[in-house]
Participant: 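Please see the structure below; I have some questions.
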Protein chains: 2
Amino acid sequence: MEATDRKILHLLAADGRMSYTDLGKATGLSTSAVHQRVKRLEQRGLIQGYGAALNHAELGLPLTAFVAIRPMDPSQPDDCPERVSGFTEIESCWSVAGDDSYILKVRTATPAALEELLAQIRSAANVSTRTTIALSTYYENRPVTEG
Amino acid sequence: MEATDRKILHLLAADGRMSYTDLGKATGLSTSAVHQRVKRLEQRGLIQGYGAALNHAELGLPLTAFVAIRPMDPSQPDDCPERVSGFTEIESCWSVAGDDSYILKVRTATPAALEELLAQIRSAANVSTRTTIALSTYYENRPVTEG
DNA sequence: ATTGAAACTTTGTTGAA
DNA sequence: TTCAACAAAGTTTCAAT
C-alpha cells in the first residue's frame, strides 16, 4: 500500500462518485491506470462498497439511538447479531468490551416505533437493553484515513 | 416525496455508483428523468453526499471505539463538537440524552494512539471520557430507509 | 417526462518502460 | 508489474418537445 493508493481511497471516501478521469487528474495518473488501481482496491477488499449518505431526519426516520445489549442468560449461545440482523431499523452492530456485549445503532420514525423495536430485540435475542437517544448529529461518517 | 424517489434513494444508498441508465431501468424511468430526480434530491438535501466504504482494519486503523464525554464544568459554554472537530480520528459526533453529553466514534491505529487521542480530547474540550472499545464489527452503515 | 444528439467516461486490449 | 494510448461501448448532459 503506498501513497497513490491512499490518495485514491481518500478521494473516493470523500466523493464516491468521482470519475476515473478526475481521479487521474488528482493523482497524476492516466485514467486507465487509476481505473486498474481502483478495481484492485475493490478486489483486495480495501474498498468495501459505495453508498449515498441520506438525510434520515428528512426521510421520516428522525430518531437515532444507540442500544447497548446484554444477554439475560450468559450461558446461552451468543448469536445476537444473527438474531437481530433482520430488523431493518438496525444500521450498525458492534460487539464491544465492557459492561455490555453489543452496541446497535438504530433509526426509527417515532419514540413509539423505537419502543416497539426494543421489545422485539429483547424477545428475539433474549437480552436486556439500555438505550441512548441521539439529540443531534454534528457529523457522521466523516472520511477517516491514515497518512 | 413519493415511491419513485424513495426507490431511487434506496438504490443509491445501497450502490452509490449506480449509473443513471441502471437507475432508470430499475425504476421504469428514462435516463434523463432519473438524472433530474437525483439532482433534485441532492439539491433538496435528501442526498447529502456519496462515499466509498473503506476497510479500516486493513488500512492501518483497526481500533474502533466509542467515547462518551461529559463536561468537567457544566457552567462553561458547551461547544465540545467544535473543540474536537479538528481531530481527524473522530468519524462521528452526536449529542445524546442521558448521563453523557456527547458520543464520539473514533478510529485509531493502536491502543497507544487511542490513549493519546483521549488525552487530547480531554484537554481540548475540558471533559471526562468513558471509552467503549469495539471488538468486532458485524455490520456498519447498512442502508436504512422507510417504506 | 421523454427524445435525441454531442460530449464525456468507462473499460477492454495492446504494447512500452 | 505498472502505466499509457487507443477505440468501442456505455453514460451524462443539454436542448427542444
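Below, chains carry the letters A, B, ... as their sequence lines are ordered, and counting in each starts from 1. Computation of the quantities below employed the complete heavy-atom set of this structure, encompassing side-chain atoms and omitting hydrogens, waters and symmetry-equivalent molecules.
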Participant: Near A:Gln120 CD, under 6.0 Å, is it more than 12 heavy atoms from other residues, nucleotides or ligands?
Facilitator: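 Above 12, so yes.
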Participant: How would you summarise protein contacts on nucleotides 10-17 of chain D per nucleotide, using B for base, S for sugar-phosphate only and - for none, with heavy-atom distances below 4.0 Å?
Facilitator: -SBSB---
Participant: Taking OP1 and OP2 of D:dC3, is either one under 4.0 Å from a side-chain nitrogen or oxygen of A:Arg37?
Facilitator: yes
Participant: Rounded to the nearest 0.5 Å, how far apart are CD1 of B:Ile69 and CZ of B:Arg83?
Facilitator: 11.0 Å
Participant: Quickly work out the B:Glu2 CD to C:dA1 C1' distance and round it to whole Å.
Facilitator: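 It works out to 12 Å between those atoms.
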Participant: Rounded to the nearest 0.5 Å, how far apart are OG1 of B:Thr108 and CG of B:Leu63?
Facilitator: 4.0 Å
Participant: Would a distance-only check, ignoring hydrogens and angles, find a side-chain to backbone donor-acceptor pair under 3.5 Å from A:Arg142 to B:Ile90?
Facilitator: yes
Participant: Nearest 0.5 Å please: distance from the OG1 atom of B:Thr4 over to the CZ atom of B:Arg37.
Facilitator: 4.5 Å
Participant: Enumerate all atom pairs, one protein N or O and one N or O from nucleotides 5-8 of chain C, separated by less than 3.5 Å.
Facilitator:
none

Participant: Report yes or no: do B:Asn126 and B:Asp73 form a side-chain donor-acceptor pair below 3.5 Å?
Facilitator: no
Participant: Do we get B:Arg17 above A:Tyr20's six-membered ring, with its NZ or CZ under 6.0 Å from the centre and within 45° of the axis?
Facilitator: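 The answer is yes, since B:Arg17 meets both limits relative to A:Tyr20.
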Participant: According to side chain to side chain donor-acceptor pair (under 3.5 Å), who are the partners of A:Ser101, at least two apart in sequence or on a separate chain?
Facilitator: none
Participant: Sequence neighbours excluded, which residues qualify as side chain to side chain donor-acceptor pair (under 3.5 Å) partners of B:Arg70?
Facilitator: B:Asp100
Participant: Between the two end axes of the helix from C:dA1-D:dT17 to C:dA17-D:dT1, each built from 5 base pairs, what angle do you get to the nearest 10°?
Facilitator: 40°
Participant: Partners of A:Tyr50 by ring-ring contact (aromatic ring centres under 6.0 Å, His included), sequence neighbours excluded?
Facilitator: none
